Engineer: 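This is the structure, below, for whatever I ask next.
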Amino acid sequence: MSSLSWLTSFTSRTKKSHERTTPIFFTNTLSGRKELFIPQRPGQALLYSCGPTVYGEQHLGNMRAMVFSDTIARVLLAGGYRVRRVINITDVGHLVGDGDEGDDKMAVGAKRERLSPEEIADRYTTIFLSDIQNLNLPTEEILFPHATDYIKEQIALAKTLEEKGFAYQLVDGLYFDTGKFPGYGKLGGVAESQQEAGARIAVVIGKHAPADFVLWRSAKPEDLQQWDSPWGRGNPGWHIECSAMSRALLGQEIDIHTGGEDHIAVHHNNEIAQSEAASGRTFVRYWMHNAFLNMAGEKISKSLGNVVCLSDVMKKGYHPLTVRYFFLQAHYRTPLSFSWDALAAASSALDRLWKLCVEIALESKRVSRPSEALDQFLVTIRDDLATPQALGILWETLKSEDYTEEQKWGLIEAADAHLGLSLISPPSRGSVDLRDVPSDVQELVARRSAARASHDFASADHLRAELEKAGYRVEDGPGGPVLSQTTH
Ligand code: AMP
Ligand code: ZN
């Protein structure tokens with residue numbers, strides 16, 4: 001074996017053993033503590049994330065929940081796990097109040113835009129998928145079940161609950177009887193506040209307890225979405241879709257379930273009650289929740305009307321990954337405050353980081369070596385996704401003189417896999433007119449063209465590298481060199 005191939009295989013073996021052996025810890029909302037991650041089946045992680053209600057454009061708060069769940073998946077993948085991921089698309093049954101009161105969100109969207117609920121769902125699912133792709137979520141590796149495609153499964157689950165004595169029927173629907181499920185409200189220790197919250201909701205005549213919730217809602221004549229069921233025509237309650245779809249796609253017991261912290265009190269406690277009452281088993285081993293994205297001291301939310309979307313960010317000329325970088329600067333369990341100034345700061349930091357990565361790619365020739373910094377990075381990110389500290393290690397190492405370029409590149413590769421910031425191939429900004437770039441850049445382009453014309457390709461390559469360092473990429477088009485900027 002040549003010394004070079006030995007070194008390459010050594011590096012990859014070392015890298016692998018590091019990646020496999022560092023334990024992963026997550027804070028479990030169920031226990032309120034940080035726990036060692038041990039999946040049901042060795043080497044495989046089943047991950048379900050509550051996704052969007054597709055009646056309007058999702059805001060940056062929703063995007064924080066998506067980047068959070070993607071960071072979990074990336075940490076698991078880099079740790080050697082196979083990850084099966086589901087993000088549900090809610091296209092029926094979600095009322096404005098999150099409980100059993102208020103207008104139906106899909107009907108609100110349909111009325112607003114004079115379209116059918118299906119057309120509304122299609123429109124906003126497309127926008128959602130494009131948004132999360134822009135945030136570097138690998139959509140081709142994720143399952144996106146629509147609630148309306150799982151009506152049969154939701155009815156079957158509600159039927160099981162009724163047969164097992166956990167449900168009762170009223171005129172307006174089939175209800176889950178929380179009094180029959182011992183430990184109801186155990187998630188987040190919200191049993192009592194949950195009861196109080198329930199008591200504030202307009203009382204449905206005949207409900208056994210304020211916290212009881214609808215599994216199947218009887219159709220009102222004006223309901224645009226309705227199906228036949230053993231309880232007459234109607235539509236599913238909101239919570240049952242997640243229980244039914246996670247069961248259909250991931251099985252009765254899953255490893256991780258995520259969502260924003262607003263889902264703890266009602267939605268996730270109700271999911272636990274339905275799933276565990278039906279199966280008699282643990283539903284989820286690790287419950288994980290992200291804190292809110294706020295703006296001017298209030299949660300970003302449609303109902304408060306203080307919404308900023310990824311499209312707004314992109315319209316202002318920011319690269320969408322600026323948002324991802326902005327989120328990763330805070331720990332997922334810490335509330336984060338959005339402002340345009342804070343986003344501008346994140347943008348210039350990410351630009352500088354991308355520029356450093358381009359320089360190191362050239363210096364290291366994309367050869368990676370292990371380092372203490374890499375070990376430290378892995379321990380840190382696997383400690384309940386400590387992304388602010390992980391970013392700190394990355395910055396410190398890339399600016400340090402104590403590491404070789406190859407070690408820095410090794411860290412960049414690992415950071416890219418975990419953080420999804422396109423560090424190994426920073427985006428270009430599209431072509432720029434040669435006349436609009438600084439004169440030293442124009443000169444580098446001219447010298448490179450001259451070198452190519454005289455077949456001095458070594459010099460041409462060197463000049464290309466100089467241009468990359470200056471933040472420009474050059475391609476040779478039919479009409480001469482085409483220049484693009486590599487950072488925002
Ligand atoms: P929804 O479409 O309202 O069901 O929300 C989709 C996901 O985004 C859920 O996991 C919510 O908990 C989460 N979410 C909603 N608003 C925010 C916010 N302001 N900050 C963080 N996460 C949020
Ligand atoms: Zn859900």
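As the structure lists them, so they are numbered: ligands from 1, and atoms in each ligand from 1. Remember, it's a predicted structure, so these values are computed and weren't measured experimentally. Just so it is clear, the values below take in all heavy atoms, side chains as well, and ignore hydrogens, waters and symmetry mates.
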Engineer: Taking 4.0 angstrom as the limit, do Lys220 and Asp172 come out as a salt bridge?
Structural biologist: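 Salt bridge flag = no for Asp172 with Lys220.
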Engineer: What is the minimum heavy-atom distance between His268 and Gly259, and which atoms define it?
Structural biologist: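 Closest approach of His268 to Gly259, heavy atoms only: CE1-CA, 4.0 Å.
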Engineer: Taking Asp228 first and then Arg233, would you say they form a salt bridge - that is, a charged N and a carboxylate O separated by under 4.0 Å?
Structural biologist: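 Salt bridge: yes.
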Engineer: Salt bridge check: are Asp312 and Lys316 linked by an N-O gap of less than 4.0 Å?
Structural biologist: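 Here Asp312 does not pair with Lys316 in a salt bridge, since their nearest N and O are not under 4.0 Å apart.
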Engineer: With a cut-off of 2.8 Å, does His239 place any N/O/S atom under that distance from the Zn ion (ligand 2)?
Structural biologist: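 It does not: His239 brings no N, O or S atom closer than 2.8 Å to the Zn ion (ligand 2).
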Engineer: Determine, for Glu253 against Arg285, whether the closest basic-nitrogen to carboxylate-oxygen distance falls under 4.0 angstrom.
Structural biologist: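 Yes, charged N to carboxylate O under 4.0 Å.
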Engineer: Check whether any N or O atom of Gln58, backbone or side chain, sits under 3.5 Å from an N or O atom of ligand 1, and answer yes or no.
Structural biologist: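 Yes, at least one N or O pair falls under 3.5 Å.
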Engineer: With respect to atom 23 (C) of ligand 1, which of Gly61, Ser49, Gly260, Pro52 exhibits the smallest heavy-atom separation?
Structural biologist: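 Heavy atom nearest to atom 23 (C) of ligand 1 belongs to Gly61.
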Engineer: For ligand 1, which atoms have a heavy atom of Gly51 less than 4.0 angstrom away?
Structural biologist: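 Under 4.0 Å from Gly51, ligand 1 has these atoms: 4 (O), 6 (C).
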Engineer: Taking only Lys NZ, Arg NE, NH1 and NH2, and the carboxylate oxygens of Asp or Glu, determine whether Arg41 and Asp255 approach each other closer than 4.0 Å.
Structural biologist: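 No, Arg41 and Asp255 are not salt-bridged.
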Engineer: Hey, is His59 touching ligand 1 through its side chain, its backbone, both or neither, going by heavy atoms under 4.0 Å?
Structural biologist: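 It is the side chain that touches ligand 1; the backbone stays farther off.
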Engineer: I'd like to check whether Gly259 has a polar contact with ligand 1, where a contact means an N/O of the residue lying under 3.5 Å from an N/O of the ligand.
Structural biologist: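 Not met; the criterion fails.
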Engineer: Taking a cutoff of less than 4.0 Å between a non-hydrogen atom of the residue and any ligand atom, is Cys50 in contact with ligand 1?
Structural biologist: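 Yes, Cys50 has a heavy atom closer than 4.0 Å to ligand 1.
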Engineer: When the ring planes of His289 and Trp287 are compared, do they come out parallel, tilted or perpendicular, using 30° and 60° as the limits?
Structural biologist: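 Correct class here is parallel.
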Engineer: Considering all heavy atoms of both residues, which atom of Ile120 and which atom of Tyr55 are nearest to each other, and what is their separation?
Structural biologist: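 Between these two residues, the closest heavy atoms are CG2-CA, 3.7 Å.
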Engineer: Students often mix this up, so state it plainly: with edges at 30° and 60°, are the rings of Phe37 and Tyr81 parallel, tilted or perpendicular?
Structural biologist: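 If you compare the ring of Phe37 with that of Tyr81, the planes turn out perpendicular.
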Engineer: Using a 4.0 Å heavy-atom cut-off, which part of Ala291 comes near ligand 1: side chain, backbone, both, or neither?
Structural biologist: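 The part of Ala291 near ligand 1 is the backbone, not the side chain.
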Engineer: Report the part of Asp262 in contact with ligand 1, treating N, CA, C, O as backbone and CB onward as side chain, heavy atoms under 4.0 Å; options are side chain, backbone, both, neither.
Structural biologist: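 Answer for Asp262: side chain.
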Engineer: Of the backbone and side-chain N, O or S atoms of His268, does one lie nearer to the Zn ion (ligand 2) than 2.8 Å?
Structural biologist: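 It does not: His268 brings no N, O or S atom closer than 2.8 Å to the Zn ion (ligand 2).
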Engineer: Looking only at heavy atoms, is any part of Asn290 under 4.0 Å from ligand 1, and if so is it the side chain, the backbone, or both, or is it neither?
Structural biologist: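 For Asn290, only side-chain atoms sit under 4.0 Å from ligand 1.
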Engineer: From His267, does some N, O or S atom reach closer than 2.8 Å to the Zn ion (ligand 2)?
Structural biologist: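 Yes - counting backbone and side chain alike, His267 has an N, O or S atom under 2.8 Å.
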Engineer: Please find the N/O/S atom of Glu271 nearest to the Zn ion (ligand 2) and write down its name.
Structural biologist: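 Glu271's closest N, O or S atom to the Zn ion (ligand 2) is named OE2.
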Engineer: If I apply the N/O under 3.5 Å rule, does Thr53 come out as touching ligand 1?
Structural biologist: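 Between Thr53 and ligand 1 (N or O atoms, distance only) the closest approach is under 3.5 Å.
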Engineer: Quick one: which ligand 1 atoms are inside 4.0 Å of a heavy atom on Lys299?
Structural biologist: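 Going through ligand 1 atom by atom, the ones under 4.0 Å from Lys299 are 16 (N), 19 (N).
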Engineer: I want to know if ligand 1 touches Phe292 in the polar sense, i.e. an N/O pair below 3.5 angstrom.
Structural biologist: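 No, no N or O pair falls under 3.5 Å.
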Engineer: Going by an N to O cut-off under 4.0 Å, is there a salt bridge joining Asp223 and Arg217?
Structural biologist: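 Not counted as a salt bridge, because no side-chain N and carboxylate O are separated by less than 4.0 Å.
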Engineer: Do you know the tightest heavy-atom contact between Leu47 and Leu250?
Structural biologist: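 Closest approach of Leu47 to Leu250: O-CD1, 3.9 Å.
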Engineer: Compute the shortest N/O to N/O distance between Arg64 and ligand 1 and return yes if it is under 3.5 Å, no if not.
Structural biologist: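 Among all N and O atoms of Arg64, none is under 3.5 Å from an N or O of ligand 1.
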Engineer: Angle subtended at the Zn ion (ligand 2) by SG of Cys50 and SG of Cys242, to 10 degrees?
Structural biologist: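 Between SG of Cys50 and SG of Cys242, at the Zn ion (ligand 2), the angle is about 130°.
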